[in-house]
Trainee: 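Once you've had a glance at the structure underneath, I'll fire off some questions.
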Amino acid sequence: MSRIIDAHSHYMPQAIASKTTFFRSSWSDLDWQLATMKQFGIEKAVLLYPTSDAHLNMGGWKNVCEIYNEEISKVVRKYSRRLIGAGILPLDSPEDIMKELSRFKSLKLSMISLPSSFEGKYLDDDMFTPVFEYAQKNRMPIHVHPQIINPIGEDRVKDPLLTPVLEYVFDVSMSIGKLMMNEKLLAFPDVKLIFAHYGGVLPFVKERFDNTYLMLRKRGFVKDLFKLPSEYFKNLYFDIAGSKSPSAFFCALEVTDASHILFGSDFPANQDILGTLNMINRSPLSTNFKDAIFFKNAKALLDI
């Protein structure tokens, strides 16, 4: 059995969870999380912010960040052999972003957790440039999680099932597309970007990206990206986020190779961890590739 690092799990400190609409129950049960990790042989788990409405009830992101990052810091210090912390940033006060980033090392936070968009702005917006500069200089990975507050399309369709199933993952894919089109991927080639849920619908439209780009370039309808879209995508990282579908998994492997895929449970949103483990274990991939997805890729990214 491979060693396992879970690159996509969630823990919401009670002080934050109690101020949300959705995350009030079960998302603050650290004992359950640690017991589940032990049950399935998960050595370490990255704790990510799932994005929430807490900032709407706590006077803004700055207040959420201060409490959340401090609480996650306490948890990862106490369970340093089991848990890895990803910090969040005060996106509604860009002037405070670098101040908060400067605390990450002292708080023992190993990753930056960003939403795929914020109030209609995607990660290509200039407000995120200092974050990319910091990540590149300090070799700190950035994990991109779906935005659940007003994701793309919610202005036209707001539905309790359609929004989380479709609009959340579309927002992740659009975030990738915007980073490519506005040359942020070109400007920051050394930033390790991890996108949740296989990058949304990216595996299903990768071929369309290349074909459409080539067609539009011939007619002068799109600017020169200097290389095919797929050349950018293959250098990104993607987590499995609880997927149990062999077809989706292998579709993602058409976007990039096994060295850029990370095991992620999406716990506690997804509790069928065994299903995800079995999907990978029963695949025809070599043992080396399975070890990379389960453990080695995350180990290298996080310099463990």
Trainee: Under a 3.5 Å cutoff, is there a donor and acceptor pairing between the side chains of Gln14 and Ser18?
Mentor: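 Their side chains do not contain a donor-acceptor pair, so the 3.5 Å distance test is not met.
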Trainee: For a side-chain contact (heavy atoms from CB on, under 4.5 Å) with Leu83, tell me which candidate from Val46, Asp6, Val76 qualifies.
Mentor: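 Among the candidates, only Val76 passes.
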Trainee: Measure centre to centre between the rings of Tyr198 and Phe238, then say whether the value is under 6.0 Å.
Mentor: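 Not under 6.0 Å, so no.
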Trainee: Could you check whether the rings of Tyr68 and Tyr49 sit parallel, tilted or perpendicular, using 30° and 60° as the cut-offs?
Mentor: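 Correct class here is perpendicular.
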Trainee: Salt bridge or not between Lys299 and Glu43? Use side-chain N to carboxylate O under 4.0 Å.
Mentor: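 Result for this pair is no, no salt bridge flagged.
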Trainee: Walk me through whether Ser243 and Phe249 qualify under side-chain contact (heavy atoms from CB on, under 4.5 Å).
Mentor: CA-CA 8 Å; Ser243 173; Phe249 176 63; 5.6 Å; no
Trainee: Evaluate the side-chain proximity of Leu179 to Tyr122: yes if any heavy-atom separation is below 4.5 Å, no if none is.
Mentor: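 Result no, sub-4.5 Å side-chain heavy-atom pair not found.
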Trainee: Do Asn235 and Leu193 make a side-chain contact, defined as non-hydrogen atoms from C-beta onward lying under 4.5 Å apart?
Mentor: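 No, their side chains stay 4.5 Å or more apart.
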Trainee: Between Val172 and Gly200, what is the shortest heavy-atom contact and its length?
Mentor: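 Of all heavy-atom pairs spanning Val172 and Gly200, the closest is CG1-N, 4.1 Å.
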Trainee: Give, for atom CG of Asp124 and atom CD1 of Ile176, the distance between the pair rounded to the nearest 0.5 Å.
Mentor: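 Nearest 0.5 Å value for the CG-CD1 distance: 12.5 Å.
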Trainee: Carefully, step by step, assess His8 and Leu48 under the rule side-chain contact (heavy atoms from CB on, under 4.5 Å).
Mentor: CA-CA 7 Å; His8 184 148; Leu48 298 169; 3.9 Å; yes
Trainee: With Ser73 as reference, evaluate Arg77, Glu70, Glu71 under the side chain to side chain donor-acceptor pair (under 3.5 Å) test and give the passing residue.
Mentor: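 Of all the options given, the one that passes is Arg77.
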Trainee: For the pair Lys227 and Asp210, find out whether any cationic side-chain nitrogen is under 4.0 Å from an anionic carboxylate oxygen.
Mentor: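 Between Asp210 and Lys227 there is no salt bridge, as every charged N stays at least 4.0 Å from the carboxylate O atoms.
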Trainee: Any luck finding a side-chain donor-acceptor pair between Ser259 and Lys296 under 3.5 Å?
Mentor: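 On atom types as modelled, these side chains do not qualify, holding no pair under 3.5 Å.
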Trainee: Are Leu56 and Val64 joined in one hydrophobic group, where the rule is that I, L, V, M, F, W and Y side chains link up if heavy atoms are under 4.5 Å apart?
Mentor: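 Unlinked, Leu56 and Val64 end up in two clusters.
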Trainee: List the atom of Phe294, the atom of Arg3, and the distance in Å for their closest heavy-atom pair.
Mentor: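 Closest heavy-atom pair between Phe294 and Arg3: CB-O, 3.3 Å.
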Trainee: Just by modelled atom types, is the Lys62 backbone N or O under 3.5 Å from a matching donor or acceptor in the Asp96 side chain?
Mentor: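 Looks like no, no N/O pair under 3.5 Å.
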Trainee: Would you say Pro268 and His10 make side-chain contact, with heavy atoms under 4.5 Å?
Mentor: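 Yes, their side chains come closer than 4.5 Å.
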Trainee: Please round to the nearest 0.5 Å and tell me the distance separating atom CE of Met180 and atom CZ of Phe233.
Mentor: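 So the gap between those two atoms works out to 4.5 Å.
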Trainee: For Leu225 and Tyr213, which heavy atoms make the closest approach, and how far apart are they?
Mentor: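 Nearest heavy atoms, Leu225 then Tyr213: N-OH, 2.9 Å.
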Trainee: Indicate the atoms forming the closest heavy-atom contact of Val144 with Ser175, along with that distance.
Mentor: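 Nearest heavy atoms, Val144 then Ser175: CG1-OG, 4.5 Å.
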Trainee: Just wondering, are more than 12 heavy atoms of other shown residues or ligands nearer than 6.0 Å to NZ in Lys223?
Mentor: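 More than 12 heavy atoms, drawn from other residues, nucleotides or ligands, come within 6.0 Å of this atom.
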Trainee: For Glu100 and Ile97, run side-chain contact (heavy atoms from CB on, under 4.5 Å): C-alpha distance rounded to whole Å, both residues' side-chain angles, the deciding distance at 0.1 Å, then the answer.
Mentor: CA-CA 5 Å; Glu100 191 63 28; Ile97 286 177; over 6 Å; no
Trainee: According to the interplanar angle, ranging from 0 to 90°, do the rings of Phe118 and Trp61 count as parallel (below 30°), tilted (30 to 60°) or perpendicular (above 60°)?
Mentor: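 Rings of Phe118 and Trp61: perpendicular, as their planes differ by over 60°.
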Trainee: Nearest heavy-atom pair of Met12 and Pro50: which atoms, and what distance?
Mentor: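 Where Met12 meets Pro50 most closely, the heavy atoms are CE-CG, 3.7 Å.
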Trainee: Within a strict 4.5 Å, meaning less than it, do heavy atoms of the Ser117 and Met174 side chains meet?
Mentor: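 When only atoms from C-beta onward are counted, Met174 and Ser117 do not touch, as no gap falls below 4.5 Å.
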Trainee: Closest heavy-atom contact between Gly199 and Ser173?
Mentor: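 Where Gly199 meets Ser173 most closely, the heavy atoms are O-OG, 2.8 Å.
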Trainee: Is there side-chain contact between His55 and Leu91, with heavy atoms separated by less than 4.5 Å?
Mentor: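 Side chain of His55 against side chain of Leu91, heavy atoms only: no contact under 4.5 Å found.
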Trainee: Can you establish whether the number of heavy atoms outside Lys244 located under 6.0 Å from its atom NZ is more than 12?
Mentor: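 Count over threshold, so yes.
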Trainee: Report the relative orientation of the aromatic rings in His143 and His145; use parallel for angles under 30°, tilted for 30 to 60°, perpendicular for over 60°.
Mentor: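 Taking His145 first and then His143, their aromatic rings sit tilted (interplane angle of 30° to 60°).
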Trainee: Between CD1 of Ile194 and CG of Leu301, what distance do you get to the nearest 0.5 Å?
Mentor: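 The CD1 atom of Ile194 sits 5.0 Å away from the CG atom of Leu301.
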Trainee: Mark yes or no for whether Asn63, through its side chain, and Met58, through its backbone, hold a donor-acceptor pair below 3.5 Å.
Mentor: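 Present.
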